[in-house]
Amino acid sequence: MQRRHENTRATSANGFTLIELMVALTLGLLLSFGIVTLFGATSKTNKVQDSLARLQENGRYAMTRLNADLRMLGGQYCNSKNSQGWIAHADSGPQYPGTGIRVNATGVSNLTPSKAFPDSGGTAGLAPTGHPPGTVYPLSPVSFLRGYECAADGSCSPEPPTPAGPDGIPASGTSAGDRVPWGDVLTIRYQRGSGWPFTVAGSGATATVTLTPTMVGSNQVDDVVNFVAGDHALITSCGGGTIFETSTGGTTLTPNNLLNPVAFQPNGTPGSFDARVFNFDRDFITVTYYLQYKADPNPDQPGRLIPVLMRKVNGSATPDEIV
């Protein structure tokens, strides 16, 4: 009995052997390695899926933004391609937005560089080539839509406004801030605001156009009048329109330097049409899309450039990054 008791005490005092400990550590390491590998793969998959989701959302937003702007292309108050008084092309081709607007001023938004259309580089909105000089001319559809097709060497047809010009487009290049050389440029314009009702006294060069903003009680419903001397006014009556330069501002407008005072006969009572006056220099939105290089903010990718779709509104110095 004493010997059996001593043997039992000796057996209970024994622990794990070295081989057992090594096997246990090896199995633990293998299990830990598997868990870490699985976690890393799952994390990488999640990052890729998150990046793809953000890219898809950016693309969806870009298509929505482009679609909205294209739908507004050439938008004018109470005007359509079927409106009476619109002017067809000489080849009897289709009518385009803007061809029914007659221009009585010497140049649309071309009095000074500050009066030029945004993103136009100060170019003139003059009469079409071959049009009789000194006569009223139709507003070209180019005023509402302009595309620039660009090649890999950076050249475009036609040439886009230079960066040095008013509200110019960045020059092409391969550095951050440059326009992507082979990326096309698209400029869209459309009318905004509700305009103002008006009355007319006289005709031609002696006409006086008085704006009569709509009032509900003591509140003005229409936009705030923003005319200053030298602005171009657009009178539209659902059947075309007329643009003329103003020599006065405020709510009383008088024509200035009309090409053809006889042809300009503003009418304050155009029948059932809701005739309105708009500030053609300030109430037309200009949206320009182009691709521009941007430095990758990722510190793991130093020097890498990313082409970004930019949306520039009214010649803004800080365009929006769309994608």
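Bear in mind the structure is a predicted one, so any value in this text is a computation, not a measurement.
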If hydrophobic clusters are built by linking Ile, Leu, Val, Met, Phe, Trp and Tyr wherever their side-chain heavy atoms come under 4.5 Å apart, do [X] and [Y] end up in the same one?
X: Ile322; Y: Leu70; answer: yes
X: Tyr290; Y: Ile306; answer: yes
X: Leu309; Y: Tyr61; answer: yes

Between atom [atom1] of [X] and atom [atom2] of [Y], what is the distance when rounded to the nearest 0.5 Å?
X: Tyr190; Y: Met72; atom1: OH; atom2: CE; result: 5.5 Å
X: Ile169; Y: Gln292; atom1: CD1; atom2: CD; result: 9.5 Å
X: Ile35; Y: Leu31; atom1: CD1; atom2: CG; result: 4.0 Å
X: Arg146; Y: Leu186; atom1: CZ; atom2: CG; result: 11.0 Å
X: Ser43; Y: Leu38; atom1: OG; atom2: CG; result: 11.0 Å
X: Phe278; Y: Phe227; atom1: CZ; atom2: CZ; result: 10.0 Å

Are the side chains of [X] and [Y] in touch, meaning some heavy atoms are under 4.5 Å apart?
X: Asp50; Y: Arg54; result: yes
X: Val287; Y: Ile285; result: yes
X: Leu253; Y: Leu211; result: yes
X: Leu234; Y: Thr242; result: no
X: Thr252; Y: Thr208; result: yes
X: Ile188; Y: Leu145; result: yes
X: Glu149; Y: Val185; result: no
X: Tyr289; Y: Thr187; result: no

Exercise for the section: Using the side-chain contact (heavy atoms from CB on, under 4.5 Å) rule, take Phe198 and Ile235 through it: C-alpha gap first, then chi angles, then the decisive distance, then the call. Expected result: CA-CA 9 Å; Phe198 65 96; Ile235 293 181; 3.7 Å; yes
Handout entry: Thr286/Thr288 under side-chain contact (heavy atoms from CB on, under 4.5 Å): CA gap, chis, key distance, verdict
Key = CA-CA 7 Å; Thr286 297; Thr288 300; 4.2 Å; yes
Problem - Ile19, CD1: over 12 other non-hydrogen atoms inside 6.0 angstrom - result: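 No.
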Kindly write out the residues that satisfy side chain to side chain contact (heavy atoms under 4.5 Å, CB included) with [X], not counting sequence neighbours, or none if the list is empty.
X: Asp223; answer: Ser194, Trp196
X: Pro261; answer: Ala205, Leu258
X: Gln49; answer: Thr45, Asn46
X: Ala171; answer: Pro163

Quick check: closest heavy atoms across [X] and [Y], and the distance to 0.1 Å?
X: Cys156; Y: Tyr148; value: CB-CB, 4.5 Å
X: Ser247; Y: Pro255; value: OG-O, 3.8 Å
X: Pro213; Y: Pro197; value: CA-CD, 4.4 Å
X: Ala233; Y: Val277; value: CB-CG1, 4.3 Å
X: Gly230; Y: Asp281; value: O-OD2, 4.1 Å
X: Gly147; Y: Pro158; value: O-CD, 3.5 Å

Exercise for the section: Quick one: do Phe244 and Asn256 satisfy side-chain contact (heavy atoms from CB on, under 4.5 Å)? Show the steps, please. Expected result: CA-CA 7 Å; Phe244 63 93; Asn256 181 37; over 6 Å; no
Taking NZ, NE, NH1 and NH2 as the nitrogens, is one of them in [X] or [Y] under 4.0 Å from a carboxylate oxygen of the other?
X: Asp69; Y: Arg311; value: yes
X: Glu321; Y: Lys294; value: yes
X: Arg60; Y: Glu57; value: yes

Handout entry: Under 3.5 Å side-chain donor-acceptor pair for Asp296 and Gln301
Key =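 Their side chains do not contain a donor-acceptor pair, so the 3.5 Å distance test is not met.
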Exercise for the section: Ignoring hydrogens and angles, state whether a donor on the side chain of Ser155 or Asp153 is under 3.5 Å from an acceptor on the partner side chain. Expected result: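 The answer is yes; a qualifying pair exists.
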List the atom pairs, donor and acceptor, that lie under 3.5 Å between side-chain atoms in residues 173-182 and the rest of the protein, sequence neighbours left out.
residue	atom	partner	partner atom	Å
Asp178	OD2	Thr174	N	3.4
Asp178	OD2	Ser175	N	3.1
Arg179	NE	Pro170	O	3.0

Problem - Side chain Asp184, main chain Cys150, donor-acceptor under 3.5 Å - result: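 Yes, the answer is positive, given that a donor and an acceptor are paired below the 3.5 Å cut-off.
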Handout entry: Under 3.5 Å donor-acceptor, Thr206 side chain and Gly202 backbone
Key =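 Judged by distance alone, no pair lies under 3.5 Å.
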Exercise for the section: Go through the steps to decide whether Arg282 and Val228 satisfy the test side-chain contact (heavy atoms from CB on, under 4.5 Å), and finish with yes or no. Expected result: CA-CA 10 Å; Arg282 306 176 192 273; Val228 298; 3.0 Å; yes
Exercise for the section: May I ask you to list the residues sharing a hydrophobic cluster with Met22, side-chain cutoff 4.5 Å, ordered by chain and number? Expected result: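 So far as hydrophobic clustering goes, Met22 is joined with Leu18.
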Handout entry: With Asp231, the side-chain hydrogen bond (donor to acceptor under 3.5 Å, both in side chains) member among Asn279, Thr248, Thr246
Key =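 Running side-chain hydrogen bond (donor to acceptor under 3.5 Å, both in side chains) over Asn279, Thr248, Thr246 with Asp231 returns exactly one hit, Asn279.
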